[in-house]
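Some notes on the structure that comes next.
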Number of protein chains: 2
Amino acid sequence: MLSSKNTIFRLCRYRHCLKDLKNLGYVKVFSDNLGEAVGVSAAQVRKDFSLFGISGNRKGGYIIDDLLEKINHILGKDEIQKVILVGVGNLGSALLKYKGFEKEGIQIVSAFDADPAKQVKVGNIQVYPIKDISEFIKNNNIKIAILTVPGIVAQEVCEVLVSAGIRGILNFAPVNLRVPEGIIVSNVNLAIELENLVYFVCSMERRKE
Amino acid sequence: MLSSKNTIFRLCRYRHCLKDLKNLGYVKVFSDNLGEAVGVSAAQVRKDFSLFGISGNRKGGYIIDDLLEKINHILGKDEIQKVILVGVGNLGSALLKYKGFEKEGIQIVSAFDADPAKQVKVGNIQVYPIKDISEFIKNNNIKIAILTVPGIVAQEVCEVLVSAGIRGILNFAPVNLRVPEGIIVSNVNLAIELENLVYFVCSMERRKE
DNA sequence: TAGATTGTTAATCGATTAACAATC
DNA sequence: TAGATTGTTAATCGATTAACAATC
């Protein structure tokens with residue numbers, strides 16, 4: 001049975017938090033500590049752990065090292081995950097330079113763009129012509145792609161990726177990608193995030209009046 | 001009563017989709033069209049609309065222009081929303097150059113960074129010293145900030161923003177910001193998005209074996 | 001022991017879906 | 001009219017929370 005997206009999300013967040021705590025020298029943690037740090041209830045923390053058969057000590061909370069090991073195992077952080085990026089515009093090149101992925105065991109191994117002017121090195125990562133993409137995916141057994149192309153071409157590029165063997169797409173293009181069963185798309189739409197925030201801030205302002 | 005975040009999210013997505021349809025020359029739309037385009041059920045679409053008292057024609061679906069007008073009114077797109085950005089690193093400067101916000105009636109009016117080397121123009125937007133931030137927020141009545149500073153300083157900067165009058169924060173720093181009641185934080189954590197995707201792709205691969 | 005925390009069950013809450021009467 | 005689509009109610013589903021026995 002596949003766990004829900006939200007549960008895995010929280011598991012990732014617990015992991016980040018546990019790493020921080022470990023770096024600060026902590027050895028043990030209680031469900032209420034962890035919950036507060038991540039912004040969920042203590043019951044939620046224990047529920048999540050119990051779902052994966054992670055147990056602590058009835059009185060003594062959880063040993064951070066043990067917890068990290070178990071969560072790492074669940075999230076499959078044993079091996080480095082190789083991903084590619086397609087579309088080296090503003091956002092794409094910012095992501096290529098972003099240091100936060102490597103730390104989490106995720107490596108952007110190469111990038112692709114249709115524009116020859118962009119086929120240079122960005123950070124440490126080489127940008128290749130988009131026509132080479134299928135071959136690269138197949139030869140290197142890549143399963144995950146970050147899609148930062150313009151909305152108009154996103155569906156088209158998506159289909160190329162999927163037929164070359166990509167199974168998961170982190171999509172920044174503001175379109176609803178149509179994909180075959182079994183392919184996973186996560187959408188990040190920054191404009192909509194902001195619009196949403198605007199709505200809630202405005203409606204709170206209105207409520208005060 | 002405040003509607004749920006998910007409902008407003010979908011409302012934004014309907015709006016985007018309706019604009020596209022309008023540009024393509026369509027005049028009417030049915031709940032199942034719209035649902036399919038956005039990736040939700042037709043019942044969901046009708047439910048969302050009915051929640052806001054938006055009604056169509058029992059047989060003839062919805063008039064796109066009318067629908068857009070009503071949604072715009074709900075989401076408060078009458079006036080341009082001014083936001084600021086704090087932290088002009090890779091991601092921050094990419095967002096400053098990003099064209100997608102303006103189109104949605106959201107304008108980044110200025111940016112702030114502690115590093116004097118970054119206090120230049122990025123795109124069309126001037127980057128100011130971070131010490132000027134409180135004054136700017138107050139003088140210009142800014143309510144929303146995009147936070148793209150390093151995680152270590154995020155909480156500290158957040159507190160400055162809130163005490164100057166910011167009510168909503170789009171937070172890209174990988175930390176759980178602690179804010180007073182009534183302040184809204186939306187988190188975007190790209191590393192966690194990717195980790196999540198890795199998990200689900202890997203677990204599907206495993207299932208096939 | 002007494003106190004504190006886990007692990008788990010049952011209760012609650014909210015969101016989505018199914019179904020269908022109303023009706024254009 | 002017959003067919004199609006809306007609007008809404010009830011049913012379902014899933015996720016979160018509350019509560020508490022187990023126990024260290």
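Note on naming: letters A, B, ... go to the chains in the order of the sequence lines (proteins, then strands), and numbering restarts at 1 for each one.
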Got a list of protein N/O to nucleotides 1-5 of chain D N/O distances below 3.5 Å?
unit_1, atom_1, unit_2, atom_2, d
dT5(D), O2, R58(B), O, 2.6

Could you pull out the protein-nucleic contacts involving nucleotides 15-17 of chain D (nitrogen or oxygen on both sides, under 3.5 Å)?
unit_1, atom_1, unit_2, atom_2, d
dT16(D), OP1, R10(A), NH1, 3.1
dT16(D), OP2, R10(A), NH1, 3.4
dT16(D), OP2, R10(A), NH2, 3.2
dT16(D), O5', Q44(A), OE1, 3.2
dT17(D), OP2, S41(A), OG, 3.2

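For F30(B), there are no ring pair (Phe, Tyr, Trp, His ring centres under 6.0 Å) partners at least two apart in sequence or on another chain. Considering only residues two or more places apart in sequence or on other chains, Y14(A) meets the side-chain hydrogen bond (donor to acceptor under 3.5 Å, both in side chains) condition with D48(A).
Stretches of at least 3 consecutive Watson-Crick or G-U wobble pairs, with each checked distance under 3.5 Å, appear in DNA chain D as C:3-24 with D:3-24.
Listed for the N196(B) side chain is no donor-acceptor partner under 3.5 Å among the backbone atoms of F200(B). Under a 3.5 Å cut-off, the side chain of S186(B) and the backbone N or O of L197(A) do not form any donor-acceptor pair. Side-chain N or O atoms of S50(B) include none that pairs as donor or acceptor with a backbone N or O of G53(B) at under 3.5 Å. Side chain of Q107(B) to backbone of I80(B): no donor-acceptor contact under 3.5 angstrom is found.
For I63(B) and dC24(C), the CD1 to C1' distance is 13 Å, given to the nearest whole Å. As rounded to whole Å, 16 Å separates atom C1' of dT8(C) from atom CD1 of I54(A).
Side-chain contact between I169(B) and L177(B): present, with at least one pair of heavy atoms (C-beta onward) separated by less than 4.5 Å. Looking at heavy atoms from C-beta onward, E195(A) lies out of side-chain contact with Q81(B) at the 4.5 angstrom threshold. Taking 4.5 Å as the limit, every side-chain heavy atom of V109(B) sits out of range of all side-chain heavy atoms of V83(B).
Heavy-atom distances under 4.0 Å link DNA chain D to no residue of residues 12-21 of chain B.
Ring pair F101(B)/Y98(B): centre-to-centre distance below 6.0 Å.
Nearest approach of K70(B) to S55(B), heavy atoms of both residues: NZ-O, 4.1 Å.
The side-chain contact (heavy atoms from CB on, under 4.5 Å) with F112(B) is formed by just one residue from the set V160(B), V127(B), I84(B), L85(B); it is I84(B).
A donor-acceptor pair shorter than 3.5 Å can be found between the side chains of K143(A) and N141(A).
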